[in-house]
2 protein chains.
Amino acid sequence: MDSRTVNLRSKLEVYKAMTDGGNIADCPVRDVIQGLNGKWSSLLTAALAEQPYRFGELRRLVPDISQRMLTQTLYDLQRDGYVRREVFPTKPPSVEYSLTDLGRSMFDALQYLLQWAENNHDAVRDARAAFEQTQA
Amino acid sequence: MDSRTVNLRSKLEVYKAMTDGGNIADCPVRDVIQGLNGKWSSLLTAALAEQPYRFGELRRLVPDISQRMLTQTLYDLQRDGYVRREVFPTKPPSVEYSLTDLGRSMFDALQYLLQWAENNHDAVRDARAAFEQTQA
DNA sequence: GAGTGGTAGTCTCAAAAAGAGACCAGCACT
DNA sequence: AGTGCTGGTCTCTTTTTGAGACTACCACTC
């Protein structure tokens with residue numbers, strides 16, 4: 001996607017897209033965003049954007065995720081078409097997860113936000129510190 | 001942010017930023033992203049990017065949010081420095097919420113993802129339908 | 001002067017989601 | 001025969017979210 005395309009659209013238009021012109025509760029844009037803002041979705045997508053990984057590799061790569069949430073997040077990403085799951089008939093069978101073209105395309109858009117977070121986490125940290133002062 | 005800056009960075013680098021070079025559980029990038037992926041954060045940010053709103057206006061604008069979650073999400077966005085809260089001494093007092101410069105900057109980055117969702121929600125819907133077939 | 005409505009919330013309880021950790025089957029290796 | 005690796009599932013507890021009643025203050029109407 002050409003970045004100028006986004007910048008030419010008004011913020012109002014993006015908001016309207018999220019509310020689907022009145023169909024607020026059942027809006028497709030919110031539906032898609034909803035599937036991406038789980039606690040682990042973006043981290044796992046970022047890992048798989050680097051290279052394909054097996055289940056156990058992902059678990060070791062992200063030590064603070066529980067097996068249960070790893071299973072479920074991968075299932076959700078697969079259901080929405082971002083991730084491909086391939087079983088190899090080794091003994092014991094191994095399972096490889098990789099990004100689909102759709103997943104790669106989504107991650108390209110997500111990267112702007114990740115990059116922003118990397119550049120600005122100091123500002124957010126400062127804001128939190130200042131806010132705690134006003135509350136005290 | 002210049003879009004080329006992002007595209008020149010490898011996916012590996014973005015992943016490394018999310019894992020903070022080993023400090024995976026307590027990574028500032030994940031910390032910032034975490035604050036943004038609540039169910040209502042992106043929708044409220046999009047609304048406030050359009051124009052400032054008062055509490056009751058936001059509640060009417062987003063009918064399926066509970067007062068409790070509206071209060072809490074606005075509190076979180078204010079704490080992280082994205083939103084400014086101003087009380088006006090009218091009778092009864094009214095409260096106006098608006099984006100800060102930091103919030104505007106963040107929303108610019110978020111917009112790429114919202115735009116992607118708007119362009120690709122059909123593909124996600126198709127993926128879900130296809131996935132249900134394979135499960136049945 | 002009693003009721004109605006609009007302001008911005010808080011409080012409580014129920015439901016849903018996430019986290020922790022035990023448990024499983026199958027096979028290879030020692 | 002025991003140990004470890006594979007990729008999970010199952011159960012229980014804690015956290016997060018949702019629904020809805022309730023508050024205090026004031027203006028306006030009847």
Side-chain angles (χ1 to χ4, degrees), chain A residues 24-27 30-45 47-48 51-80 83-98 131 134-135, chain B residues 24-27 30-31 33-45 47-48 52-80 83-98 131 134-135:
Chain A
I24 294 183
D26 195 28
C27 159
R30 279 177 63 179
D31 188 39
V32 171
I33 295 296
Q34 198 61 31
L36 293 173
N37 68 10
K39 182 169 181 181
W40 304 104
S41 310
S42 52
L43 181 58
L44 290 178
T45 307
L48 293 175
Q51 62 174 259
Y53 282 108
R54 285 182 298 127
F55 186 89
E57 290 176 327
L58 285 171
R59 187 154 54 95
R60 283 186 292 274
L61 203 61
V62 187
D64 58 337
I65 193 173
S66 66
Q67 282 199 335
R68 186 186 161 285
M69 287 314 294
L70 182 54
T71 302
Q72 177 159 339
T73 305
L74 288 171
Y75 180 91
D76 291 344
L77 290 175
Q78 185 196 359
R79 171 177 45 75
D80 288 1
V83 161
R84 177 173 30 247
R85 179 180 187 272
E86 286 175 287
V87 181
F88 293 98
T90 54
K91 309 266 179 168
S94 60
V95 181
E96 185 178 278
Y97 294 91
S98 56
F131 184 75
T134 70
Q135 298 306 90
Chain B
I24 293 183
D26 195 27
C27 159
R30 279 176 64 180
D31 188 39
I33 295 296
Q34 199 62 30
L36 294 173
N37 69 10
K39 183 169 180 180
W40 303 104
S41 310
S42 52
L43 182 58
L44 291 179
T45 306
L48 294 176
Y53 283 109
R54 284 181 297 125
F55 186 88
E57 290 175 327
L58 284 171
R59 187 154 54 94
R60 284 186 291 274
L61 203 62
V62 187
D64 58 337
I65 194 174
S66 65
Q67 283 199 335
R68 187 185 160 287
M69 286 314 293
L70 182 54
T71 301
Q72 177 157 343
T73 305
L74 287 172
Y75 180 92
D76 291 344
L77 290 175
Q78 184 196 0
R79 171 177 46 74
D80 288 2
V83 161
R84 176 174 31 247
R85 178 180 186 273
E86 287 174 287
V87 181
F88 293 98
T90 55
K91 309 266 178 168
S94 61
V95 180
E96 185 177 278
Y97 293 92
S98 56
F131 185 74
T134 69
Q135 298 307 87

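Chain letters run A, B, ... following the sequence lines, proteins first and then strands; every chain starts at 1. Computed from a prediction, not measured in an experiment: that's the story for all the values here.
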For B/L61 and B/A47, which heavy atoms make the closest approach, and how far apart are they?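 Shortest heavy-atom contact: CD2-CB, 4.0 Å.
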Give a yes or no on whether the backbone of A/N37 and the side-chain of A/S41 come within a donor-acceptor separation of less than 3.5 Å.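 Side chain of A/S41 to backbone of A/N37, a donor-acceptor pair under 3.5 Å: no, none is there.
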Report the residue (B/R68 or B/E57) whose heavy-atom-nearest nucleotide on DNA chain C is the more 5′ of the two. B/E57
Distance col, row B/T73:OG1 vs B/L58:CG, nearest 0.5 angstrom, shows 10.5 Å
In Å, rounded to the nearest 0.5 Å, how long is the span from CD of B/E96 to CG of B/L48?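 Reported value, rounded in 0.5 Å steps: 9.5 Å.
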How long is the line joining [atom1] of [X] and [atom2] of [N], in whole Å?
X     : N      : atom1 : atom2 : result
B/L74 : D/dT17 : CG    : P     : 14 Å
B/I65 : C/dG9  : CD1   : C1'   : 14 Å
A/Y75 : C/dA18 : OH    : P     : 15 Å
B/N37 : C/dA18 : CG    : C1'   : 13 Å
A/K91 : D/dG7  : NZ    : P     : 15 Å
B/Q34 : C/dA17 : CD    : C1'   : 13 Å
B/Q67 : C/dT10 : CD    : P     : 10 Å
B/M69 : C/dT10 : CE    : P     : 13 Å

The side chain of [X] lies closest to which of these nucleotides: [options]?
X     : options              : result
A/Q72 : D/dG7, C/dA18, C/dG9 : C/dA18
A/S94 : D/dT6, D/dT17, C/dA8 : D/dT6
B/V95 : C/dG9, D/dG8, D/dT6  : C/dG9
B/F55 : D/dC5, D/dG7, C/dA8  : C/dA8

For B/F55 and B/Y97, take the angle between the two ring planes, folded into 0 to 90°, and tell me which bin it lands in: parallel under 30, tilted 30 to 60, perpendicular over 60. tilted
Quick check: any donor-acceptor pair below 3.5 Å linking the side-chain of B/R59 to the base of C/dA8?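 Not at all, since no donor on one side and acceptor on the other fall under 3.5 Å apart.
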Presence of [X] side-chain N/O under 4.0 Å of [N] phosphate oxygens OP1/OP2:
X     : N      : answer
B/K39 : D/dG18 : yes
A/R60 : D/dT6  : yes
B/R85 : C/dG9  : yes
A/W40 : C/dA18 : no
A/R54 : D/dG8  : no
A/Y97 : D/dG8  : yes

Considering only heavy atoms from C-beta outward, does the side chain of B/V62 approach that of B/L70 to under 4.5 Å?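 A side-chain contact under 4.5 Å is absent here.
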Have a look at A/F88 and say if it touches a base, only the backbone sugar-phosphate, or nothing, with a 4.0 Å heavy-atom cut-off.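 Nothing, no nucleic acid heavy atom in range.
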